[in-house]
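Quick caveat, the model's predicted, so the values are computed rather than measured. Throughout, a chain's letter reflects where its sequence line sits, starting with A, and its residues are numbered from 1.
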Amino acid sequence: MLDVNFIRQNQALVEKSTREKGYDVNISDLLDLDDKRKSLLQSVDELRRQRNEIASRMKGGKPSAELIAEGKAIKDQLAAKEPELSKIESELNTLLKSVPNIIFDDVPLGGEEANLEIKTWGEKKKSGVDHLDYAVSRGWVDFERGAKVAGAKFYYLKDGLALLENALLQFGIKKVTEHGFHFMTVPDMVSSRVLEGCGFNPRSSAQSDEYFIEGEDLAMIATAEMPLTGFHMDEIIDEKDLPLCYAGYSACFRKEAGTYGKYTRGLFRVHQFNKLEMYVFCLPEKSQEMHEQLLAIEEEILQDLGVPYHIISNAAGDLGAPAAKKYDIEYWSPVNQKYQEITSCSNCTDFQARSLNIRVRRQDGTVEVLHTLNGTAIPLARALVVMIENFAELDGKLHVPEVLRPYLGGVSEL
RNA sequence: GGAAGCGUGGCCGAGUGGUUGAAGGCGCACGACUCGAAAUCGUGUAUGCAGCAAUGUAUCGGAGGUUCGAAUCCUCUCGCUUCCGCCA
């Protein structure tokens with residue numbers, strides 16, 4: 001969430017950003033509510049002051065009937081005001097949570113159609129192999145039994161694809177640890193506080209994409225970003241320990257309701273997949289630089305694998321609430337003859353960190369909210385799609401990129 | 001899942017319901033001493049909110065309650081530890 005004082009001082013900017021992102025929040029109402037909160041808080045604080053004063057005058061132990069009566073009167077007044085205050089505070093909080101992060105100046109304005117291509121790499125192939133047909137023909141994937149056991153869009157991987165997934169993961173782990181990230185496994189469920197603090201829609205929202213556990217305050221994670229953000233919540237981190245870079249490996253669960261019409265065939269869009277995710281906690285003034293580094297690592301991975309791609313800078317309407325700026329990398333699908341999303345990385349600035357109370361203590365002792373960023377290292381299921389489309393031969397073998405061979409016993413094809 | 005115990009500041013650890021935001025220690029920062037360092041001594045050392053500030057207020061896992069007054073009493077809840085049960 002944003003800081004209410006920041007909103008007050010930058011009302012026009014926040015309103016513009018909110019509008020560009022396609023959100024509808026009445027900032028004036030929010031500030032009015034904050035005014036109400038402040039004045040009520042002042043009168044409550046004054047009553048509390050009087051209460052404390054009276055209590056301290058009675059420390060001797062002599063029960064003065066007069067003082068007790070005075071104390072009782074204040075108690076009654078407080079009882080009338082305090083519930084009102086907490087009601088306003090919680091309303092204000094709800095409103096604050098609905099304001100999306102402000103966008104950086106260089107973010108293209110508009111919806112998805114305004115996404116800006118900023119780089120292309122590699123040679124687009126003219127044709128490729130449909131990953132699902134290929135994988136089924138080789139007995140490497142089984143959606144039918146997945147559906148039998150868990151429902152549509154669940155699947156089993158077997159033999160070649162399962163091994164290839166493992167090789168991709170090993171390669172990814174090597175990459176990110178070489179770049180200084182701590183490899184981690186994480187809880188696959190998080191509490192609602194973490195979920196919402198990361199900027200995801202709450203259980204009550206119709207747009208929520210998560211699976212929630214009935215009767216418990218838990219959701220299956222949609223990305224390791226969730227438990228990684230929560231890792232440091234309610235902590236104050238010494239400046240000298242930043243940046244903190246983590247790479248979390250986890251299963252990811254997504255309902256993906258309402259995605260018909262988008263590309264959903266086979267492994268491209270499923271309810272459960274594994275992913276290696278990079279996550280960074282850093283100083284505010286370093287986050288833009290870190291964002292470029294995350295993007296560079298994502299590029300490096302695709303280049304090492306030999307996958308053609310382009311980078312887009314996402315337009316305001318395609319950013320989501322927490323991001324101030326986001327890059328998507330889309331690989332070239334030789335099958336569909338278009339670019340399709342493979343990774344993304346976001347600079348969430350202080351948006352998530354403020355919600356989850358993650359701060360830095362500077363050398364000079366001052367404390368402030370730090371910045372967080374996230375980026376996909378390797379989305380395993382989609383990476384398998386990419387591998388088949390680019391490196392399989394129709395009715396033939398799958399050519400294994402050189403960098404993966406060490407993790408497949410040295411073979412050059414599967 | 002059942003039972004018991006415990007949850008206090010960066011850490012350890014006090015705390016008969018009434019100046020306790022909280023003793024003491026450790027750690028850390030600065031200063032003194034020193035050629036320098038160690039040791040020693042001195043000073044300082046939580047966070048949020050409101051306020052230009054002085055200052056006020058809140059926070060002793062969390063939420064409620066009792067009371068003129070709660071870290072301290074009660075209820076619920078979460079977490080940790082130990083014992084029992086159970087299972088990979």
Side-chain angles (χ1 to χ4, degrees), chain A residues 1-9 30-97 99 185-197 202-203 212-219 227 230-242 244 251 281 284 350-370:
Chain A
M1 62 170 76
L2 296 177
D3 177 28
V4 67
N5 289 320
F6 176 88
I7 294 174
R8 183 177 298 282
Q9 285 151 26
L30 185 153
L31 291 175
D32 287 348
L33 193 61
D34 188 48
D35 286 337
K36 266 165 82 179
R37 187 197 117 245
K38 280 187 192 174
S39 68
L40 192 55
L41 178 66
Q42 277 170 6
S43 66
V44 167
D45 273 357
E46 171 58 20
L47 284 170
R48 285 170 173 167
R49 204 208 94 247
Q50 292 173 22
R51 177 189 65 188
N52 291 343
E53 193 201 317
I54 289 169
S56 77
R57 275 200 277 153
M58 272 192 272
K59 68 186 169 199
K62 287 170 272 182
S64 150
E66 259 175 45
L67 273 182
I68 287 176
E70 218 176 309
K72 276 188 173 166
I74 286 169
K75 185 187 184 180
D76 290 343
Q77 291 181 61
L78 271 175
K81 291 195 173 182
E82 279 181 327
E84 175 68 10
L85 179 62
S86 60
K87 184 171 155 246
I88 287 177
E89 280 175 339
S90 102
E91 280 172 15
L92 179 63
N93 207 262
T94 303
L95 267 179
L96 275 173
K97 280 203 276 190
V99 181
T185 63
V186 299
D188 281 348
M189 297 188 207
V190 292
S191 67
S192 60
R193 182 178 167 213
V194 172
L195 178 102
E196 290 169 35
R203 189 178 213 136
F212 291 91
I213 306 301
E214 196 178 334
E216 306 210 38
D217 182 30
L218 284 173
F231 189 65
H232 283 300
M233 72 179 182
D234 292 325
E235 293 183 21
I236 300 175
I237 297 163
D238 273 338
E239 176 176 352
K240 66 175 163 51
D241 295 326
L242 295 178
L244 285 166
F281 300 85
D350 59 4
F351 190 82
Q352 296 176 325
R354 181 170 297 102
S355 299
L356 291 178
N357 197 26
I358 309 169
R359 294 168 293 175
V360 54
R361 178 176 277 110
R362 299 276 191 176
Q363 301 278 313
D364 65 6
T366 58
V367 171
E368 72 183 285
V369 178
L370 52 67

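When heavy atoms are screened at a 4.0 angstrom cut-off, A:N52 is found touching the sugar-phosphate backbone but no base atom. Within the 4.0 angstrom heavy-atom criterion, only backbone atoms of the sugar-phosphate kind lie near A:V367; the bases stay farther away. As judged by a 4.0 angstrom heavy-atom cut-off over every strand, A:R193 is placed among residues making no nucleic acid contact.
A salt bridge is absent between A:D364 and A:R362; no separation between the charged side-chain nitrogens and carboxylate oxygens falls under 4.0 Å. A salt bridge between A:R48 and A:E82 is present, with a side-chain N of the basic residue lying under 4.0 Å from a carboxylate O of the acidic one. Checked for salt-bridge contact, A:E46 and A:R49 meet the test: a charged N lies under 4.0 Å from a carboxylate O.
The side chain of A:R37 places an N or O atom within less than 4.0 Å of a non-bridging phosphate oxygen (OP1 or OP2) of B:rA50. Taking only side-chain nitrogens and oxygens, A:R57 never comes nearer than 4.0 Å to OP1 or OP2 of B:rU19.
When Watson-Crick and G-U wobble pairs are counted only if both distances are under 3.5 Å, B:rC6 pairs with B:rG79. Nucleotide B:rG48 forms a pair with B:rU57, judged by Watson-Crick or G-U wobble geometry with both contacts under 3.5 Å.
Smallest separation of non-hydrogen atoms from A:G197 and A:S355: O-CB, 3.6 Å.
Residue-to-nucleotide proximity on RNA chain B shows that, of A:K38 and A:R51, the 5′-proximal contact is made by A:K38. Of the two residues near RNA chain B, A:T366 and A:D34, the one whose nearest nucleotide lies more 5' is A:T366.
Checking B:rA58, B:rG51, B:rA46 against the side-chain heavy atoms of A:Q42 singles out B:rG51 as nearest. Out of B:rG56, B:rG51, B:rG18, the shortest distance to the side chain of A:A55 is found at B:rG18. Among the nucleotides B:rC68, B:rU47, B:rA50, the one closest to any side-chain atom of A:K75 is B:rC68.
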